[in-house]
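Reviewing the structure listed below.
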Amino acid sequence: NGDVLVLSQMWGPSHFCLILCLWACLDALPVAVDKTKVSPPVEDLEPPESVDTGLHYDRYLREVIDFLEKDPHFREKLHNTDMEDIKQGKLAKELDFVSHHVRTKLDELKRQEVNRLRTLIKVKQDMNGEKGMTVDHKALLKQFEHLNHMNPYTFEVEDLDRLIKSATNDLENFDKERHEDFKRYEMTKEHERKEHLKTLDEEARKKEEEHYEEMKKKHADHPKINHPGSQDQLKEVWEEADSLDPNEFDPKTFFNLHDTNGDGYFDEQELEALFTKELEKVYDPTHEEDDMMEMEEERLRMREHVMNEVDTNRDRLVSRDEFITATNRKEFLEPDGWETLEQNPMYTEEELREFEQHLAREEQDLNLRSNELLKQREELERQQGQLNAQKMELQQVGDQPLSHGHQQDLPAHS
């Protein structure tokens, strides 16, 4: 759904939370968190519902976070550790001071995760036609970097260090993967359009091309797009969404109005919500020429741009101080224009050619495989036919009555 929930909804704005789950996507109402209160340790260790990061080890990650949060010592260290120290593994060493009942639960979680991975390996083996073969689980577990596979029984400092580094790396690549997915989507769309033109006669192809160019012009004909995060853009939100006088625009009030969960930060969800008015100038779901997939890519570009300009400590959050500081810069008051997607093609002609060549090779491989399977099927049917013929012959022989001479040669039973 594209919504992003800041991890302070679980722990407050601790750096560890920001690294592990800031990019998580889910539908949830914002929750105000009292950061001055620290929950005491509790005996009931059933984990609360948390955010979904989209990682294949998401449940394991969330449950580890939830239970570590219950330890007062570890929670205190979170608030006093900066992001670089967390990435370098300094926080993981604090696991040695976590209470026994939390460590016991973490051991259990790790054993469950190892069992889950072993099950995945077995399922993959069965799907590859290797059912019944001996599996070297220890060797195959090496591919999963978010835990120490050499010790499948207890959760140690190395496990927490691996989990932090794996989640950090995987989540930081999330936006990059989204861009790559969109790029493939755009190239696929263009490839299919060109393939469709090949099926048309000259007159129909000409009409189709004219219609395509007309839709491109209609899409490009839209009001000026304000530079994301600029005074003009935010004032427009202030006036149209907040119904306030643009002449009374106040950055502090604006921040408080749009910090929907009241935690003192703009997370990615809250930032992206600010661009809706700009995007509506370009995209309308009822218009043929407007692609809603492109709208979400544009939203992502806008959010990344603002983060790059305003998020000075690179924690993927915009604090109140960072926001107020940005509003005093020249770029905020006198921004450059904003170029939309149609002015920034996602791929080159060379990239499209390579993509189409790749598709052609995939289709060729698929056809070869299909022909091989067809030949195998025909051979199996031929063998089955031979077996059926042999079976019929045996049945016919068995059904024939013995001759009178043969009956006399049979020994009599006493």
Side-chain angles (χ1 to χ4, degrees), residues 5 7-12 14-24 26 28 38-79 81 86-87 89-126 135-171:
L5 184 66
L7 202 61
S8 59
Q9 290 178 233
M10 290 199 299
W11 289 356
S14 68
H15 296 300
F16 185 46
C17 306
L18 303 181
I19 287 178
L20 293 182
C21 297
L22 175 61
W23 304 274
L26 74 166
V38 177
S39 301
V42 293
E43 293 302 320
D44 181 10
L45 290 180
E46 286 303 313
E49 284 296 317
S50 184
V51 296
D52 186 340
T53 63
L55 303 174
H56 76 85
Y57 50 92
D58 170 73
R59 181 171 180 175
Y60 175 61
L61 169 65
R62 289 186 291 115
E63 289 181 340
V64 168
I65 292 174
D66 289 335
F67 287 117
L68 281 173
E69 182 266 344
K70 295 176 182 293
D71 186 86
H73 170 82
F74 199 88
R75 184 186 180 104
E76 180 182 355
K77 289 296 180 181
L78 290 174
H79 292 278
T81 306
I86 291 173
K87 289 182 178 180
K90 293 182 180 179
L91 182 65
K93 296 177 182 178
E94 299 298 327
L95 183 68
D96 288 334
F97 304 99
V98 169
S99 62
H100 175 72
H101 68 287
V102 172
R103 286 296 295 270
T104 301
K105 187 61 184 179
L106 292 176
D107 292 345
E108 180 185 338
L109 290 177
K110 182 178 178 180
R111 289 192 292 270
Q112 291 173 357
E113 177 67 359
V114 171
N115 287 334
R116 182 185 73 87
L117 297 177
R118 285 173 173 167
T119 301
L120 288 177
I121 291 171
K122 184 178 184 304
V123 170
K124 183 178 180 180
Q125 182 189 38
D126 291 347
V135 181
D136 185 351
H137 283 106
K138 186 171 289 188
L140 291 173
L141 283 170
K142 288 182 180 179
Q143 64 187 293
F144 302 107
E145 298 180 353
H146 63 285
L147 49 70
N148 176 16
H149 66 280
M150 297 300 293
N151 171 16
Y153 306 110
T154 58
F155 190 96
E156 306 295 341
V157 169
E158 184 179 352
D159 290 292
L160 183 55
D161 187 41
R162 282 171 171 262
L163 188 58
I164 292 172
K165 289 178 179 177
S166 293
T168 300
N169 181 65
D170 293 342
L171 293 171

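Note that the structure is a prediction, hence the values are computed from the model and not measured.
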Close side-chain approach of Val98 to Phe67, heavy-atom, < 4.5 Å: no

Side-chain donor/acceptor of Arg103 to backbone N/O of Phe155, under 3.5 Å: yes

Other residues, nucleotides, ligands: >12 heavy atoms within 6.0 Å of Gln112 CD: yes

His101 NE2 to Asp71 CG distance, which is reported to the nearest 0.5 Å: 7.0 Å

Aromatic plane relationship, Tyr57 with His146 - under 30° parallel, 30 to 60° tilted, over 60° perpendicular: parallel

Worked verdict on Tyr153 versus Val114 for side-chain contact (heavy atoms from CB on, under 4.5 Å): CA-CA 9 Å; Tyr153 306 110; Val114 171; over 6 Å; no

Atom pair CG/CZ of Leu109 and Arg59 - distance to nearest 0.5 Å: 9.0 Å

Straight-line distance of Phe97 CZ to Lys77 NZ, nearest 0.5 Å: 8.0 Å

Asn148 backbone acceptor or donor facing Lys110 side chain under 3.5 Å: yes

Beyond-backbone contact of Tyr60 with Leu163, side-chain heavy atoms, under 4.5 angstrom: yes

Any side-chain heavy-atom pair of Asn169 and Lys165 under 4.5 Å: no

Glu63 CD to Leu61 CG distance, which is reported to the nearest 0.5 Å: 10.0 Å

Nearest atoms (heavy-atom pairs only) where Val157 meets Asp96: CG2-OD1, 3.5 Å

Reported CG-to-CG distance for the pair Asp159 and Leu95, which is rounded to 0.5 angstrom: 8.5 Å

Interatomic spacing from CG in Leu160 to CD in Glu158 - rounded to 0.5 Å: 11.0 Å

Salt-bridge contact Arg75-Glu69 (side-chain N to carboxylate O under 4.0 Å): yes

Nearest heavy-atom neighbours spanning Arg116 and His56: NH2-O, 3.4 Å

Charged N-O contact under 4.0 Å between Arg111 and Glu108: no

